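Quick notes on the structure that follows.
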Amino acid sequence: KQILERMLVSYLRDNQQSWEVLPDGSSHRMRLQDGEEPFSAHEYFMTNASLSGRGSALQREQDESDD
C-alpha cells in the first residue's frame, strides 16, 4: 500500500529528474510546463525519511537508547 500510494505516485510526479522515451527510442529530459511546480522524488524522500520506513526505525532506536 505504501509503495503504491506514496512511492510510485511520487516517482510518477517527479518532474525534475524524469526522462521521456520517444517512439524512435531516443529520450529527452522532461521540462516543466507553464505554471507547473517543480517536484523531485529524491528530495521528497530525503526530507521525509519516515515514508521509507527508516524514520520509524530511527525513532525506535532513539527510544531504546533512552531506556
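Predicted, not measured: the structure shown is a model, and the values here were computed from it. What's counted below: heavy atoms across the whole structure, side chains too, no hydrogens, waters or symmetry copies.
- For Arg31, the CZ atom sits in a loose shell: 12 or fewer heavy atoms of surrounding residues, nucleotides or ligands are nearer than 6.0 Å.
- Residue Glu20 places its CD atom among more than 12 non-hydrogen atoms of other residues, nucleotides or ligands, all under 6.0 Å distant.
- Considering CG of Leu12 and CE of Met7, their distance stands at 12.0 Å, rounded to 0.5 Å.
- Residues Gln16 and Pro38 come closest through the heavy atom pair NE2-CB, 3.3 Å.
- Checked against side-chain hydrogen bond (donor to acceptor under 3.5 Å, both in side chains), Ser40 has the following partners two or more places apart in sequence or in another chain: Gln17.
- Shown here are the side-chain hydrogen bond (donor to acceptor under 3.5 Å, both in side chains) partners of Glu43, two or more places apart in sequence or in another chain: there are none.
- Residues passing the side-chain hydrogen bond (donor to acceptor under 3.5 Å, both in side chains) test with Ser27, sequence neighbours excluded: none.
- Residue pairs satisfying the ring-ring contact (aromatic ring centres under 6.0 Å, His included) criterion with at least one member in residues 13-38, sequence neighbours excluded, are absent.
- Under the side chain to side chain contact (heavy atoms under 4.5 Å, CB included) criterion, Glu36 pairs with Asn15, Leu32, Gln33, not counting sequence neighbours.
- Shortest non-hydrogen contact noted between Ser10 and Phe39 is O-CE2, 3.4 Å.
- More than 12 heavy atoms of other residues, nucleotides or ligands lie within 6.0 Å of CG in Asp24, so this atom counts as buried by the packing criterion.
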